[in-house]
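Positions are given from 1, in the same order as the sequence printed here. Values reported hereafter were calculated over all heavy atoms of this structure, with side chains retained and with hydrogens, waters and symmetry mates removed.
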Amino acid sequence: MLSLVVMMVFLVPLSLFNNTWWLVQSTFFFMTFLFMLKFVLYDVFTELSYLFGMDILSFGLILLSFWICSLMIMASESVSHYNFYKESFLLLIIMLMLMLYCTFSSLTLFSFYLFFEGSLIPTLLLILGWGYQPERMQAGVYLLFYTLLASLPLLVCLFKVYEDYGSLYVGMNMNINLANMLMYMCLIMAFLVKMPMFMVHLWLPKAHVEAPVSGSMILAGVLLKLGGYGLLRVYYMLVKLGLKYNFIWISISLIGGLLVSLMCLRQSDLKALIAYSSVAHMGLVLGGLMTLTCWGFNSSYSMMLAHGLCSSGMFCLANISYERLGSRSLLINKGLMNFMPSMAMWWFLLSSSNMAAPPSLNLMGEIGLLNSLVMWSWISMLMLMLISFLSAAYTLYLYSYSQHGMFYSGIYACSTGYVREYLLLLLHWLPLNVLVLKGEVCLLWL
């Protein structure tokens with residue numbers, strides 16, 4: 001585990017030199033490949049070193065983090081092109097990756113909390129430094145305060161667990177069974193905000209709309225998964241209370257998923273639409289996870305991986321259009337099939353994955369989540385039908401409005417993508433649709 005940490009630390013001075021942009025990116029891909037070779041598929045911790053180790057849950061999410069960070073550098077070529085503080089940009093991405101790596105591989109809940117909060121700082125600096133509008137300051141404050149306010153009770157609660165049980169080691173969670181309602185709230189609230197659950201989700205669309213493409217990719221791709229990962233880890237301690245009170249969160253998630261899906265249907269901003277669709281998808285993940293069933297745990301993990309790749313790819317597409325047209329409004333981004341014919345296929349492929357069409361990993365995750373929720377209560381079927389239908393509706397709305405129709409009169413040219421952009425989209429779409437062939441790995445069915 002520590003070998004890759006050392007490798008990332010040594011990347012820091014490299015990123016501060018001139019003209020090392022592609023070298024850092026290639027090194028990131030190389031690290032992804034090295035990490036892939038470890039291929040951990042155990043449900044017990046292996047690769048132990050000091051406070052770090054990993055099981056299959058950590059392995060998938062660390063691999064996703066490496067992959068998305070490599071693609072972030074690839075997508076942010078304009079930062080390098082205009083030489084806009086590119087050394088600082090690379091430094092932030094390396095620091096963020098370091099934080100995520102340590103978060104997912106932490107063996108104690110305290111070090112997990114430390115790195116969980118640490119990942120907030122590079123994200124905030126990315127939004128404040130490379131965002132587009134002046135409103136990014138407000139978005140940054142939203143992000144900071146929502147997350148910090150919910151996280152402080154978590155820290156206090158972890159100290160209390162340590163005082164009572166003498167250990168915060170993740171592997172010993174199974175033996176702890178908390179029965180205190182206040183501790184239950186404190187332990188899960190930080191993760192519900194990070195997911196984000198409906199009602200505490202307002203920071204997410206704001207942060208997405210103001211963030212640069214790299215900020216949106218890492219937010220959608222990995223940072224939302226920190227909440228799900230945290231819940232999967234702490235729920236072992238909360239089984240008794242979970243069985244008693246989880247119906248509240250499942251209800252909020254399902255009703256919230258429906259309301260957010262309806263909000264998606266009236267968005268005119270490409271990024272806001274994709275951001276709200278993230279909230280709807282994570283609502284399903286949260287609902288499945290809260291059922292505390294084997295199906296729910298496994299498929300929420302699978303859906304997190306799928307959503308990370310798919311949502312990140314959608315933000316890349318929105319950015320490609322934004323770089324050509326200078327606007328994210330659907331009123332200007334229409335008729336793109338005439339303007340960028342070669343991108344229409346990528347819009348179609350990623351949109352179809354977004355609405356869980358086969359053969360995407362989203363479909364597999366969604367089938368498992370529907371299974372777990374209907375198994376929990378058949379009344380949830382009504383909400384699930386509506387969410388699934390509206391999911392297809394807003395994705396088709398996004399695709400048809402942006403690709404078809406009369407294009408904006410201010411556009412005089414026909415534009416193609418760069419090879420870099422096609423490769424970027426391929427590297428999002430390919431794992432998303434190839435991983436289905438080895439579905440049991442993504443569903444933890446071992």
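The backbone N or O of Ser327 sits less than 3.5 Å from a side-chain atom of Asn333, completing a donor-acceptor pair. Between the Lys194 side chain and the Met189 main chain, no donor and acceptor come within less than 3.5 Å of each other. One N or O on the side chain of Trp130 and one on the backbone of Phe84 form a donor-acceptor pair closer than 3.5 Å. Side-chain atoms of Ser311 never come within 3.5 Å of backbone atoms of Gly308 as a donor-acceptor pair (strictly under, hydrogens ignored). The backbone N or O of Val79 lies less than 3.5 Å from no partner atom in the side chain of His81, so there is not a single donor-acceptor pair. Of the possible polar contacts, none joining the Glu323 side chain to the Ile320 backbone as a donor-acceptor pair under 3.5 Å is found. Using a distance-only test at 3.5 Å, with no hydrogens or angles considered, a donor-acceptor pair links the side chain of Trp203 to the main chain of Val193. Tyr184 places no side-chain N or O within donor-acceptor distance of the main-chain N or O of Leu238, the cut-off being under 3.5 Å. Ser302 contributes no side-chain N or O that, together with a main-chain N or O of Asn298, makes up a donor-acceptor pair within less than 3.5 Å. Side chain of Asp55 to backbone of Ser58: a donor-acceptor contact under 3.5 angstrom is found.
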Determine, stepwise, if the pair Ser111 / Thr108 fulfils side-chain hydrogen bond (donor to acceptor under 3.5 Å, both in side chains). CA-CA 6 Å; Ser111 62; Thr108 65; 2.9 Å; yes

Between Glu47 and Phe52, is the side-chain contact (heavy atoms from CB on, under 4.5 Å) condition met? List the steps. CA-CA 8 Å; Glu47 299 277 334; Phe52 305 113; over 6 Å; no

Please report the C-alpha distance between Tyr322 and Leu270 in whole Å, then the side-chain angles of each, then the deciding distance to 0.1 Å, and finally whether the side-chain contact (heavy atoms from CB on, under 4.5 Å) criterion is met. CA-CA 9 Å; Tyr322 177 71; Leu270 278 175; over 6 Å; no

One pair to check against side-chain contact (heavy atoms from CB on, under 4.5 Å): Phe28 and Met97. What are the steps and the verdict? CA-CA 10 Å; Phe28 255 104; Met97 185 59 235; 3.5 Å; yes

Worked check of ring-ring contact (aromatic ring centres under 6.0 Å, His included) between Tyr229 and Phe112: CA-CA 10 Å; Tyr229 176 79; Phe112 167 72; 5.7 Å; yes

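Rounding to the nearest 0.5 Å places CE of Met8 at 7.0 Å from SG of Cys102. Between Leu289 atom CG and Leu232 atom CG the span is 4.5 Å, to the nearest 0.5 Å. A distance of 5.0 Å separates CG in Leu187 from CE in Met237, rounded to the nearest 0.5 Å. Between the CE atom in Met99 and the CG atom in Leu120 there is a gap of 10.5 Å [rounded to 0.5 Å]. Note that the NZ atom of Lys271 and the OG atom of Ser216 stand 3.0 Å from one another [nearest 0.5 Å]. Taking CD of Glu117 as the start and OG1 of Thr103 as the end, the distance is 9.5 Å to the nearest 0.5 Å.
Screening Leu423, Leu424, Leu309 against Leu71 for a side chain to side chain contact (heavy atoms under 4.5 Å, CB included) leaves a single residue, Leu424. Only one option out of Val285, Val200, Leu224 pairs with Met195 in a side chain to side chain contact (heavy atoms under 4.5 Å, CB included); it is Val285.
Counting heavy atoms from C-beta outward, Val441 and Leu435 have side chains that stay 4.5 Å or more apart. For the pair Trp295/Leu369, no side-chain contact is recorded, criterion being any heavy-atom separation below 4.5 Å from C-beta on. Side chains of Leu373 and Leu284 form a contact here, defined as non-hydrogen atoms less than 4.5 Å apart. The shortest side-chain heavy-atom distance between Phe198 and Ile255 does not fall under the 4.5 Å cut-off. At a threshold of 4.5 Å between non-hydrogen side-chain atoms, the residues Leu92 and Phe89 do not count as touching. The shortest side-chain heavy-atom distance between Met314 and Leu398 falls under the 4.5 Å cut-off. Contact annotation: the side chain of Lys225 approaches that of Met282 to within less than 4.5 Å [non-hydrogen atoms, C-beta and beyond].
A pairwise comparison of heavy atoms in Gly296 and Thr291 identifies CA-OG1, 4.0 Å as the closest pair. When all heavy atoms are compared, the tightest approach of Leu48 to Gly53 is CD2-CA, 4.0 Å. Here the closest heavy-atom approach between residue Leu202 and residue Tyr146 is recorded as CB-OH, 3.6 Å. Among all heavy-atom pairs drawn from Ser105 and Ile62, the shortest one is CB-CD1, 4.0 Å. In this structure, Gly227 and Phe191 approach most closely via the heavy-atom pair O-CB, 3.5 Å. Nearest heavy atom pair, residue Ala150 against residue Ala190, reads O-CB, 3.5 Å.
In this structure, Arg266 is not positioned above the aromatic face of Tyr401 in the sense of NZ or CZ being under 6.0 Å from the six-membered ring centre and within 45° of the axis.
Within 6.0 Å of NZ in Lys244 there are 12 or fewer heavy atoms belonging to other residues, nucleotides or ligands. Around CZ of Phe348, the count of heavy atoms belonging to other residues, nucleotides or ligands within 6.0 Å does not exceed 12. The number of heavy atoms from other shown groups lying within 6.0 Å of CE (Met7) is above 12. Within a 6.0 Å radius of OH in Tyr236, no more than 12 heavy atoms belonging to other residues, nucleotides or ligands are found. For Met36, the CE atom sits in a packed shell: over 12 heavy atoms of surrounding residues, nucleotides or ligands are nearer than 6.0 Å.
Classified by interplanar angle (parallel below 30°, tilted 30° to 60°, perpendicular above 60°), the ring pair His208/Phe315 is parallel. In this pair, Tyr113 and Phe116 present their aromatic rings tilted. The plane angle is within the 30 to 60° band. Ring geometry for Phe35 against Tyr101 counts as perpendicular: the plane angle is over 60°, on a 0 to 90° scale with 30° as the lower cut. Relative orientation of the Phe59 and Phe39 rings is perpendicular, given thresholds of 30° and 60° on the angle between their planes.
Side-chain contact annotation: Arg136 with Tyr132, donor-acceptor N/O pair under 3.5 Å absent. A donor and an acceptor atom, one from each side chain of Asn354 and Tyr399, are nowhere located under 3.5 Å apart.
Aromatic pair Tyr394/Tyr276: ring centres not closer than 6.0 Å.
Pairs of residues two or more places apart, or lying in two chains, never qualify as salt bridge (charged side-chain N to carboxylate O under 4.0 Å, His left out) while including a residue from residues 361-379.
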